[in-house]
Number of protein chains: 2
Amino acid sequence: MAKQRASVKDVAQRAGVSVGTVSNVLNRPETVTERTRQRVETAMADLNFMRNASARQLRAGVSTTVGAILTDLGNPFYTEIARGIEDRLAVDGHALMVCSTDEDPQREARFVRQFAEQGVRGILVTPMVSTPDRLRELATFGIPSVLIDSRSDTHASVGGDHVGGGRLALEHLLAQGHRHIVFLNADKHLQQSRHRLRGAVEAITAAGLDPGTVLQVVNLSQPTASEGEQALIKLLEGPEPRPTALFCINDIVALGVIRGLRTRGLRIPQDVAVVGYDDLYWASELMTPLTSVRQPMRQIGWAAADLLLRDPLGATHTVFPPELIVRKSSDYQRPAD
Amino acid sequence: MAKQRASVKDVAQRAGVSVGTVSNVLNRPETVTERTRQRVETAMADLNFMRNASARQLRAGVSTTVGAILTDLGNPFYTEIARGIEDRLAVDGHALMVCSTDEDPQREARFVRQFAEQGVRGILVTPMVSTPDRLRELATFGIPSVLIDSRSDTHASVGGDHVGGGRLALEHLLAQGHRHIVFLNADKHLQQSRHRLRGAVEAITAAGLDPGTVLQVVNLSQPTASEGEQALIKLLEGPEPRPTALFCINDIVALGVIRGLRTRGLRIPQDVAVVGYDDLYWASELMTPLTSVRQPMRQIGWAAADLLLRDPLGATHTVFPPELIVRKSSDYQRPAD
DNA sequence: TCGCAAGGCTGGATCGTTTCACGACTAGAC
DNA sequence: GTCTAGTCGTGAAACGATCCAGCCTTGCGA
């Protein structure tokens with residue numbers, strides 16, 4: 001049953017040539033006579049020859065697979081990025097290996113090592129704080145990497161402008177008359193979180209207001225719908241006056257928040273306005289259509305893969321501008337106090 | 001700059017042992033003295049030794065990566081499956097390669113070949129009609145495969161019960177008094193489509209009604225929101241009386257349908273009821289919360305990977321039962337004509 | 001003291017491909 | 001007929017790890 005796969009040797013034998021010639025047909029067809037090439041190709045077809053990628057890579061040293069280390073493949077934000085990466089890789093036949101870290105540095109370290117052992121052509125990663133250190137060493141071994149959605153001085157990167165995104169969101173909320181806003185943020189160590197916060201603060205300052213009184217930051221342990229809902233409940237039950245607007249680190253958190261507000265009979269946007277981030281495809285179809293900061297995820301993935309394949313060493317930083325999509329969840333002009 | 005990676009030979013040299021011993025430390029540590037093992041391990045740490053997976057696989061013949069060929073990584077249904085697969089593979093340190101076929105047989109063939117050349121440990125695939133044929137040959141080379149969400153006599157498979165799902169949906173709609181139902185189906189060649197249709201017909205027949213008059217089937221070229229909306233528009237503009245209920249092949253199509261109905265001022269569920277499939281996480285938060293047939297996607301992915309790693313040859317078929325989640329989009333008892 | 005067994009380690013063959021120095025052959029010029 | 005310049009094709013070395021037959025050492029019993 002377990003028939004053996006044909007090797008170049010078998011092909012050579014059947015075509016009556018040497019293995020070197022078979023290899024030439026495969027890699028430098030122009031150096032081989034038409035006639036011999038035909039013979040070899042027929043033999044390959046007859047035997048259903050398949051190259052052994054391991055042997056190939058061992059000898060030639062070049063790999064045709066790229067590794068992507070994402071935060072969570074289950075999250076549509078990262079999935080869209082993955083799809084963009086995949087599309088770019090498919091252009092020149094590269095394969096994609098993926099894994100989810102769930103923001104666990106240990107897991108990340110394991111995956112980095114695993115990819116290195118596989119000898120991948122390069123690594124794309126949505127990084128944590130400690131990631132660049134882990135990747136630097138690989139670079140000395142000739143394995144390049146590109147950071148996605150976060151930047152560092154030592155690595156090339158592709159991502160959105162999070163400072164700008166945070167600014168857009170806050171400018172909008174301030175213009176609507178909000179003066180007590182809560183930012184449901186992710187881990188404060190994540191660069192995206194810090195940048196969006198910075199943008200938010202910038203917008204408040206630019207409006208001549210005091211960030212300390214206008215903006216309250218809550219850091220979620222996980223940027224999920226249920227964590228968002230939990231955080232909301234805590235806010236509502238707390239002693240402080242109810243915020244009039246919530247800026248959520250992503251649409252999924254916003255989803256939980258909307259659910260929570262609805263359950264408690266609070267009107268969106270009249271009682272509380274909500275703004276999300278990422279503008280996932282369902283944002284416009286929610287019970288309360290969601291205002292959100294759009295990022296071109298698929299393009300980001302595409303660009304990252306493109307950069308990795310073309311020019312991974314130049315520490316280029318590609319930034320895609322965010323776009324605010326205003327929908328009903330924040331479309332309400334608040335009367336001045 | 002491009003420092004060379006340390007090989008077993010380097011490690012052996014530094015530890016003052018032979019390469020065979022290094023290999024033993026790696027693969028059969030119990031056959032090596034404690035002292036030598038220590039020495040070798042120190043040397044490995046000093047040199048930051050990383051196994052070369054290609055060489056390893058070439059010689060030992062075992063691979064530690066699994067390939068998954070999915071219909072569309074951008075679609076949350078498949079993404080959840082991917083996440084389930086990934087979680088199972090992580091248990092024993094296997095890596096995952098993914099790709100999206102977009103239902104293009106050519107692409108699928110290319111990916112199958114690519115995975116075969118990589119010498120993957122096995123292949124998981126959400127198949128098309130022609131897929132099993134493509135995979136059969138690989139099996140003779142010792143590369144097993146498991147079908148996801150669709151079954152065949154020649155392969156192991158894991159998936160939902162689509163006949164049952166179709167039946168559930170239709171039983172529900174019939175019970176609500178609907179007698180003119182349209183099924184917005186995917187490609188009629190897809191097994192899921194055929195099975196769900198069969199279940200739907202069974203339910204109608206069991207209710208003593210005539211499927212031919214109760215159910216109209218529309219096949220979408222792609223199961224996307226915009227295609228769903230297009231199809232809806234065509235239905236509404238057509239000469240036939242307006243259906244009172246729409247059964248959609250998945251929640252994304254339902255999303256488009258809901259958007260289309262709303263745009264045209266039709267009330268859901270009073271004018272038209274909508275039922276989706278998959279129960280994606282946002283289904284409950286839509287403008288009109290969506291009734292949907294739930295499938296445990298993550299579990300399905302997990303089980304498929306588990307089957308592949310444990311017992312890929314037994315042509316087992318694991319089936320997960322569907323569950324109907326009734327929400328507002330179909331929660332309306334229609335008065336009898 | 002010798003023999004023997006078992007444990008520990010060695011060194012070379014091997015996996016399938018690529019690469020490269022070199023040999024064989026062809027054709028054209030003299 | 002010889003020489004030259006190419007053109008094609010050959011065959012062996014190399015990539016890095018694994019595996020195995022066998023050598024060397026050690027310790028124990030006689």
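Treat the numbers as computed from the prediction; the structure is a model and nothing was measured. Chain letters run A, B, ... following the sequence lines, proteins first, then strands; residues in each count from 1.
Each end of the helix from C:dT1-D:dA30 to C:dC30-D:dG1 gets its own rotation axis from five pairs of C1' atoms, and the angle between them is 60° to the nearest 10 degrees.
The residue A:S23 sits close to a base: some heavy atom pair falls under 4.0 Å. Across all strands shown, A:S54 has no heavy atoms under 4.0 Å from either base or sugar-phosphate atoms. Looking at heavy-atom distances under 4.0 Å, A:T21 makes contact with a base.
Of all nucleotides in DNA chain C having an atom under 4.0 Å from a heavy atom of chain B, the first and last in 5' to 3' order are C:dG8 to C:dG16. Protein chain B touches strand DNA chain D; the 5'-most and 3'-most nucleotides with an atom under 4.0 angstrom of its non-hydrogen atoms are D:dG16 to D:dC19.
Side-chain contact check for A:T71 and A:T126: at least one donor-acceptor pair (N or O, by modelled atom type) lies under 3.5 Å. A donor-acceptor pair shorter than 3.5 Å cannot be found between the side chains of A:E108 and A:T101. Checked by atom type, the side-chain pair A:Q118/A:Q114 shows no donor-acceptor distance below 3.5 Å. Donor-acceptor pairing under 3.5 Å is recorded for the side chains of A:D149 and A:Q192. A donor-acceptor pair shorter than 3.5 Å can be found between the side chains of A:R134 and A:S130. No side-chain donor-acceptor contact under 3.5 Å links B:R121 and B:T64.
We find the CG-CZ distance between B:L70 and B:F111 to be 10.5 Å, quoted to the nearest 0.5 Å.
In terms of heavy atoms, B:T316 sits closest to B:D311 at OG1-OD2, 3.9 Å. Here the shortest heavy-atom pairing between B:L73 and B:T79 reads O-OG1, 3.0 Å.
In this structure, the side chains of B:I148 and B:Y78 stay at 4.5 Å or more apart for every pair of heavy atoms. At a threshold of 4.5 Å between non-hydrogen side-chain atoms, the residues B:I69 and B:M128 do not count as touching.
The salt bridge (charged side-chain N to carboxylate O under 4.0 Å, His left out) pairs that include a residue from residues 48-75 of chain A are A:D72-B:R83, where partners are two or more places apart or lie in different chains.
The stretch residues 27-34 of chain A comes close to DNA chain C through A:N27, A:R28, each having a heavy atom under 4.0 Å from the strand. Scanning residues 42-51 of chain B for heavy-atom distances under 4.0 Å to DNA chain C yields an empty list.
By the 4.0 Å N-to-carboxylate-O rule, B:R310 lies close enough to B:D306 to be salt-bridged with it.
When the nearest nucleotides of DNA chain C are assigned to B:G20 and B:A55 by heavy-atom distance, the more 5′-ward of the two goes with B:G20. Nearer to the 5' terminus of DNA chain C, by closest-nucleotide assignment, is the contact made by B:S18 (compared with the other of A:A6 and B:S18).
Remark: side-chain polar atoms of B:R37 are not paired, donor with acceptor, to backbone N or O of B:V32 under 3.5 angstrom. A distance-only check finds no donor-acceptor pair linking the side chain of B:S100 to the backbone of B:D102 [under 3.5 Å].
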